[in-house]
Amino acid sequence: MHSLEHWAGQQRVLITRVSPEVDGGRFAVKAIVNDPVSVQVDLLVDGFDLPSGYLLFRHESETEWQRVSLQSLGNDRYEATFYPQQIGLYTYTFEAWVNHSLTWQRNITRHAREFSARRR
């Protein structure tokens, strides 16, 4: 069991604008076995922290989710791709959280560049 502190950052990411989706997920998206299915989503965070996330997918016959890391496309848009391995229904969803380490790294890099530019 995780503490409340563990989950605190995960409650700040809004997952929206999923694509592809048909009628809000009411109907299945069509794909071909072994052809890539690229899925995009917006990850919105309150403040200036950076999010990270996964695309989770599974075939209707599977119980375990498979994960693919979401990659930033810029401007809050993220993408991941999976390859259906068999005919049938696949379900996909997303998991996202505030990535404090990535935010820290971005801020340190930004400050180092600014410091370096001032010293010239």
Side-chain angles (χ1 to χ4, degrees):
M1 185 92 188
H2 294 291
S3 68
L4 185 58
E5 292 170 358
H6 173 81
W7 298 109
Q10 295 183 6
Q11 297 172 358
R12 297 179 38 210
V13 180
L14 176 65
I15 300 170
T16 185
R17 292 190 55 222
V18 174
S19 174
E21 78 172 359
V22 180
D23 199 18
R26 187 171 165 202
F27 298 104
V29 175
K30 294 182 181 179
I32 298 172
V33 172
N34 294 323
D35 275 4
V37 176
S38 292
V39 184
Q40 294 186 1
V41 66
D42 283 356
L43 299 181
L44 306 174
V45 180
D46 59 343
F48 296 101
D49 291 331
L50 296 174
S52 285
Y54 290 114
L55 163 68
L56 287 77
F57 68 95
R58 68 180 179 199
H59 184 266
E60 62 188 333
S61 66
E62 298 172 337
T63 57
E64 296 292 318
W65 291 98
Q66 297 181 54
R67 296 171 184 259
V68 180
S69 292
L70 290 167
Q71 303 300 313
S72 177
L73 299 175
N75 202 28
D76 301 325
R77 195 75 175 157
Y78 289 78
E79 180 179 51
T81 301
F82 73 95
Y83 296 82
Q85 299 298 307
Q86 57 185 316
I87 294 174
L89 294 176
Y90 280 80
T91 301
Y92 61 83
T93 188
F94 299 92
E95 188 175 86
W97 59 93
V98 171
N99 188 327
H100 298 290
S101 299
L102 190 61
T103 301
W104 178 84
Q105 180 183 19
R106 181 207 51 200
N107 292 343
I108 290 296
T109 302
R110 184 182 294 160
H111 290 305
R113 267 192 249 124
E114 290 172 1
F115 180 76
S116 179
R118 277 189 262 146
R119 293 192 53 142
R120 290 183 192 167

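Here, residue 1 is the first one in the sequence, and each next residue gets the next number.
The NE2 atom of His100 sits 12.0 Å away from atom CG of Asn107, with the distance rounded to the nearest 0.5 Å.
With hydrogens and angles ignored, the 3.5 Å screen pairs no side-chain donor or acceptor of Ser116 with any backbone N or O of Ala112. Under the 3.5 Å distance criterion, the side-chain polar atoms of Arg12 are left unmatched by any main-chain donor or acceptor of Val45. No side-chain donor-acceptor contact under 3.5 Å links Arg58 to the backbone of Gln66.
For Thr103 against Asp49, the heavy-atom pair with the smallest separation is CG2-OD1, 3.3 Å. Summarising the geometry of Pro20 relative to Val39, their closest heavy-atom pair is CD-CA, 4.0 Å, with the distance given to 0.1 Å. In plain terms, the two heavy atoms of Asp35 and Pro84 that are nearest each other are O-CD, 3.2 Å.
The neighbour count for Ile108 CD1, taken as heavy atoms of other residues, nucleotides or ligands under 6.0 Å away, is above 12. Counting non-hydrogen atoms of neighbouring residues, nucleotides and ligands closer than 6.0 angstrom, the CD atom of Glu60 exceeds 12 such neighbours.
The salt bridge (charged side-chain N to carboxylate O under 4.0 Å, His left out) pairs that include a residue from residues 25-34 are Asp23-Arg26, where partners are two or more places apart or lie in different chains. Here side-chain hydrogen bond (donor to acceptor under 3.5 Å, both in side chains) pairs that include residues 73-86, with residues two or more places apart or in two chains, are Ser38-Thr81, Gln40-Arg77, Gln40-Glu79, Asp42-Arg77. Within the structure, salt bridge (charged side-chain N to carboxylate O under 4.0 Å, His left out) contacts touching residues 85-113 (residues at least two apart or in different chains) are Arg67-Glu95.
Side-chain contact check for Val18 versus Tyr92: some heavy-atom pair is nearer than 4.5 Å. You'll find the side chain of Ile15 reaches within 4.5 Å of the side chain of Leu43, heavy atoms only. Residues Val41 and Leu70 form a side-chain contact, since some pair of their non-hydrogen atoms from C-beta on lies under 4.5 Å apart. Contact of the Val29 side chain with the Tyr90 side chain is not registered, since no non-hydrogen atoms from C-beta on lie closer than 4.5 Å.
Among residues two or more places apart in sequence or in another chain, the ring pair (Phe, Tyr, Trp, His ring centres under 6.0 Å) test is passed with Tyr54 by Trp97. Applying the side chain to side chain donor-acceptor pair (under 3.5 Å) rule to Asn34 yields no partners; only residues at least two apart in sequence or on another chain are considered. With sequence neighbours excluded, the residues that form a ring pair (Phe, Tyr, Trp, His ring centres under 6.0 Å) with Phe57 are Phe82.
Linking ILVMFWY residues whenever their side-chain heavy atoms come closer than 4.5 Å, directly or via other members, leaves Phe115 and Trp104 in distinct clusters.
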